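Quantities reported herein were computed from a predicted structural model and do not represent experimental measurements.
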Amino acid sequence: MNIFEGLSEKQQEAVETINEDLEIIACAGAGKTGVVTRRIVNILKQKKDITPANIVAFTFTEKAAGELKSRVYKYAKEELGSTIGFAEMYIGTIHGFCLKMLQEYIPQFQSFSVLDEIKTKLFIEKNYFDCGMRDLGLKMYVETGLFLSTMSMLNESWETRNNWDKCTYDALEKYRQSLYSQHYFDYSLILREMLDQMQNNDEFRERITSRVKFLTVDEYQDTNPIQEKLIRLMKNGGCNLCIVGDDDQTIYQFRGSDSENILTFKERYGINKYIVLDKDYRSSEAIVDIAQRVIINNNRRLSKKMISGANFKYEEGDTIYREFEDIEQECDFIADRIKALHESGVKYSEMAVLLRKKKFGEFFSASFDKYDIPYIVEGVNELFSTAECQASRGIFRYLNGEISMTELFNLWKGINYNLNLKDLSDALTYLSSIDVKKLKYYGEFILQEIYHNFLRMIYITEEEGNTVTEVILYNLGKFSQVINDFETINFATLPKNKLERFCKFMEYTASGYYPEGHLDNTYIRPDAVNIMTVHQAKGLEYTAVFVPQLSKNNFPAAGVGGKNVWHVISKDWVENSERFSGGIEEERRLFYVAITRAKKYLCLTRCPHGRDKKISTFMIEAKDSPYMLSYDDRMEYSGKQLPPPYGRGGICYQLEFFDFTRFL
């Protein structure tokens, strides 16, 4: 296979550019993964002195890394005939790379592991009195997230520490020491340690820079200042640098991403080779036109104009808007459109409702239940409200003496599955044999083991074509993740204390512990409509996208009140602190991302809700497009011009059996 087969002229130019630094601005759906893949293979093909170990590619998520890695191996096998030595190539997140290098070259860190955001919060609460949180006057549980955000900002602004007050400095050092004493990193500490070693450890820096000869940074628009410093240090070490991104899709500024990195990259690095991949192969001409008419209203952006390269045609009625009197009408309309699309041949899993705020998810859940539409809602609040997860939670409430066996029996009888009553009785008998008060050692009481034993005994199996059962199994698997997160930190806790703490965790704090953007797309996903926030949808794609509640103060969102990180530390201590403030341009980029998740169908709706009375500026901008039509009852979906199904968003697997261990 020719490495350039099927590429456009601009894509081919990017693949061929391997002798100089390169900036690739890739619009939504522009095929950037294919370009990066082939460029890496081309480097190995043309540069005989370069080995796979000399190539590093940073991705924003592990899922993106897996996709890129599999493609690199595929093309390398076809083009080079072998993938020997490819295990030495690094493709993954920048955090993963830093951990790998620290463990490989500095013995002290070989036993360290990384806590994700949820597990870090659990760790903080377990070590509240020793981790510096109390020193800053922050309350356990209520302000754990605020404390973690503060620590992350300070770690990433470590170079300004001479400006901090002693109390804050000491709190951060307590936090670091509490993690290091148990051989843990959080995400911000990995970067801080890596930067410190690169700046002050000559031998370590030499090892890194002599190893990395070609560095690719995907989703460069989402880098923060400390990540940019690390990239600069590696570039100064002599590597070839290629960055790939789209300034119009910078939506993580609330987490520290700095859009200035990509906006000024060419000037700061003296880049001569600048390629814009402006053809969107994912979306129809209508979607592209609507997105373009919205995003051009941002002042701070790179000049470019996206065009459609989709191989299916636009049909009248593909892109519509409508306004309603109340949210129930709005939800019912969307449910009706979903049913009509499904009848025309669109899989449920190829449709998504993208929310600006999670709180509206419950309205769509109620409406979809009424219309018998299968759906999954990303977010633990909604997860815990499902009958199957209420029943799962009941297992531990029963063991903790909070509910009776009869109540637990009724909870499991209440799920939408015809359980065998003898199997359920046997499972309840198994639970009744567990007397937590008599257990002395933590190894005798493992939450995950009890949960899985119970599920195996009631024997819920998937029936081919039964979407309801698929959703139940999916939610049970997600609940297993909640247990795993908790038990990672609290495994070595005495049984009675562990059970009580887990029940409190579920009751008081778990719903807030799965933050904006937390989406593990490695799950096997059922054929169901996806309800999620726009942040969670980044990187995904769907045949049909619905964006509701397009009212002022919701989308664009009004500023959030209450206590924030600037009540704890000074803005002067954080580099370019204004980037965290967001604003209308960041909200518009978020809306642009929502629109460009759609391949063919887009539905924008709104209704007055609470103080959100006026129409969103973004809906007005979208209506400037001649393709954005007011819904007419005579509009029908032909089903004749459907895009290829099962993109990165709507993967639907038919399972022969369900194995709970894959969620561990």
Would you mind checking if [Y] and [X] are paired as a salt bridge, meaning a charged N to carboxylate O distance below 4.0 Å?
| X | Y | answer |
| --- | --- | --- |
| K304 | D247 | yes |
| R293 | D624 | no |
| K538 | E219 | yes |
| R356 | E587 | yes |
| R300 | E260 | yes |
| K305 | D278 | no |
| K599 | E350 | yes |
| K600 | D318 | yes |

_Tell me which pairs pass salt bridge (charged side-chain N to carboxylate O under 4.0 Å, His left out) where either residue lies in residues 329-340, with sequence neighbours left out._
D332-K370
[X] side chain vs [Y] backbone, donor-acceptor pair below 3.5 Å:
| X | Y | value |
| --- | --- | --- |
| Q12 | E9 | no |
| E325 | C607 | no |
| Q221 | D246 | yes |
| R597 | L540 | yes |

*Do the side chains of F591 and E621 get nearer than 4.5 Å, heavy atoms only?*
no
*Between I40 and Y75, is any pair of side-chain heavy atoms under 4.5 Å apart?*
no
*Determine, step by step, whether Y321 and S630 satisfy the side-chain contact (heavy atoms from CB on, under 4.5 Å) criterion, reporting the C-alpha distance in whole Å, the side-chain angles of both residues, the deciding distance to 0.1 Å, and the verdict.*
CA-CA 5 Å; Y321 71 90; S630 175; 3.6 Å; yes
*Please name all residues satisfying ring pair (Phe, Tyr, Trp, His ring centres under 6.0 Å) with Y281, sequence neighbours left out, ordered by chain then number.*
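None.
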*According to the interplanar angle, ranging from 0 to 90°, do the rings of Y375 and F368 count as parallel (below 30°), tilted (30 to 60°) or perpendicular (above 60°)?*
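Taking F368 first and then Y375, their aromatic rings stand perpendicular (interplane angle over 60°).
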*Check whether the side chains of S349 and D527 place a donor and an acceptor atom closer than 3.5 Å, and report yes or no.*
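Side chains of S349 and D527: pair found under 3.5 Å.
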*Answer with yes or no whether the side chains of R322 and T605 bring together a donor and an acceptor at under 3.5 Å.*
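Absent: no donor and acceptor within the cut-off.
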*asked:* Just checking D326: does its CG atom have more than 12 heavy atoms from other residues, nucleotides or ligands closer to it than 6.0 angstrom?
replied: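 Yes, the 6.0 Å shell around CG holds more than 12 heavy atoms from other groups.
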